[in-house]
Amino acid sequence: MISVAEAEQIIFQEVRDYGVEAVPLELALDRVLAEDILAERDIPACNKATMDGIAILYSAFDKGLRSFNVKGIIAAGNTPIVTEADNECVEIMTGAPVPDTQDTVVRYEDVEMNSDSATIKIDEIKKGQNIHRRGRDKQEGDIVARGNQRVDATIISVAASAGKSKLMVRKLPKVVVMTTGDELVSIDTLPTPYQLRGSNNHMIRAVLQQYAVTCDMLHIPDDPDATKDRIQQCLDEYDVIILTGGVSMGKYDYVPQVLDELKVVKQFHKIMQKPGKPFWFGKHTSGALVFAFPGNPVSTFLCLHRYFMPWLELSLYRREKKRSYAVLNSEVTFSAALQYFMQVSVAVNEDGQLIANPAEGNGSGDFSNLADSNAFMELPAEKNIFKKGEAYRIWPFKQIV
Ligand code: AMP
Ligand code: MG
């Protein structure tokens, strides 16, 4: 049996590069941006008024002039009206271009407007006030969004304003989720007391959706021939096979034996951890990777967060996910020589520290607990007592704040 760190290292050696592709902007959400987005022109592209009011030449005001003839009105989107004399002004709306003959905007609140003239009521204004200068935010060719980040609403907005109807993003692996277990029935079937509804496939699909990864789903009966048949087909068709169940020591746990027969080379089987100890990981000559997780839903969920998602992030972003830690808020004892992934509820206290409270309930196997907690805390196998105030690594699966 190997340690959590060894398992992680083995999986990280199998980082994959699936290449890049262009996708329409409306399909780019949650994908990984594979290019820098550049400003196609200065932002803003002209000097713009930031207030509704009048645009004047400051030197005229400075010489004592207060009353100006109104030459016209400029709305946002209009071509600027050019003035000819110092005592002329234009009415200007927020977002409208300031003519080159004007350099200062005085807001309506500080002006008395008459039919064709405007009188400034205040004595102190600053040259250049209320103007958002051309190129002030970004200049043509500047990077407005760096590549290698998740496409979110801000990136969509920046890309749209830069005129990009398509974005280059990292290609995603083709994934199949295969579940095993004759005791499982589908959502719309009423289980007998001896059966249960399969949930792992739906849970895995939901986790994959966070990365915009889609998957096919297959259920295999607990039968070695059927198991072999289905996995064999999938090895050629998919980049990643995620299996759940059938990897333990039970009479009907055929997965490791079948994978071996199909020449999927075992990289490890079993990790010194709880939950998720029987996790099996291997690779096929086709390049396909097989993540075979134990069927217990909490085990599957933990293995996804601790191994699969970090592998996916490393493959898509070419860098490791940032680590997070939290401070334990009560003493915990765990005597087995296993890395213990404890369900915790993490919140930020008034000192800005992340504080982890162990979730109540029936321990790590309790799937219903997951809805009330927001992270796993990784407690090292080398220790048995974990004291209040000590900090340990966490694996958040919900937003913490
Ligand atoms: P196994 O790893 O096949 O021994 O399964 C361990 C436990 O997880 C059993 O109690 C199964 O009923 C349960 N289980 C296996 N697969 C699923 C699944 N797809 N959805 C929900 N529970 C499952
Ligand atoms: Mg089973």
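Whatever order the structure lists ligands and atoms in, that order sets their numbers, starting from 1. All residue numbers in this chain count up from 1 along the given sequence.
- Protein heavy atoms are absent from the space less than 4.0 angstrom from atom 10 (O) of ligand 1.
- Ranking the protein heavy atoms by distance from atom 18 (C) of ligand 1 puts Asn200 ND2, 3.2 Å first.
- For atom 3 (O) of ligand 1, the nearest protein heavy atom (residue, atom name, distance) is Gly246 N, 2.9 Å.
- Considering backbone and side-chain N/O atoms, Pro294 never comes within less than 3.5 Å of an N/O atom of ligand 1.
- At most 12 non-hydrogen atoms from other residues, nucleotides or ligands lie less than 6.0 angstrom from CG of Asp100.
- The nearest heavy-atom contact from the protein to atom 20 (N) of ligand 1 is Ser199 N, 2.9 Å.
- Shortest contact from atom 4 (O) of ligand 1 to any protein heavy atom: Asp253 OD1, 4.2 Å.
- Heavy atoms of Pro297 found under 4.0 angstrom from ligand 1 belong exclusively to the side chain.
- Between Val247 and ligand 1, no pair of N/O atoms sits closer than 3.5 Å.
- The single protein non-hydrogen atom nearest to atom 2 (O) of ligand 1 is Gly295 N, 2.8 Å, given as residue, atom name and distance.
- Looking only at side-chain heavy atoms (C-beta outward), Met178 and Ile241 come within less than 4.5 Å of each other.
- Residues Lys174 and Asp216 are not paired through a salt bridge, judged by the lack of any N-O separation under 4.0 Å between the basic side chain and the carboxylate.
- There is a side-chain donor-acceptor pair under 3.5 Å between Thr119 and Ser67.
- Pairs passing the salt bridge (charged side-chain N to carboxylate O under 4.0 Å, His left out) check and including a residue from residues 19-43, sequence neighbours excluded, read Glu21-Arg31, Asp30-Arg150, Glu35-Lys164, Asp42-Arg134.
- If you check the side chains of Gln129 and Tyr58, you find no donor sitting under 3.5 Å from an acceptor.
- Protein heavy atom closest to atom 6 (C) of ligand 1, with residue, atom name and distance, is Asn296 N, 3.6 Å.
- Side-chain contact annotation: Trp395 with Glu378, donor-acceptor N/O pair under 3.5 Å present.
- For Gly250, the heavy-atom gap to ligand 1 stays at 4.0 angstrom or more.
- Ligand 1 has no atom lying under 4.0 Å from any heavy atom of Gly181.
- Between Phe293 and Phe301, the ring center distance fails the sub-6.0 Å criterion.
- Considering backbone and side-chain atoms together, Arg197 places no N or O closer than 3.5 Å to any N or O of ligand 1.
- Below 3.5 Å of separation, one finds no N or O of Asn201 facing any N or O of ligand 1.
- For Tyr392 and Phe386, the gap between ring centers is short of 6.0 Å.
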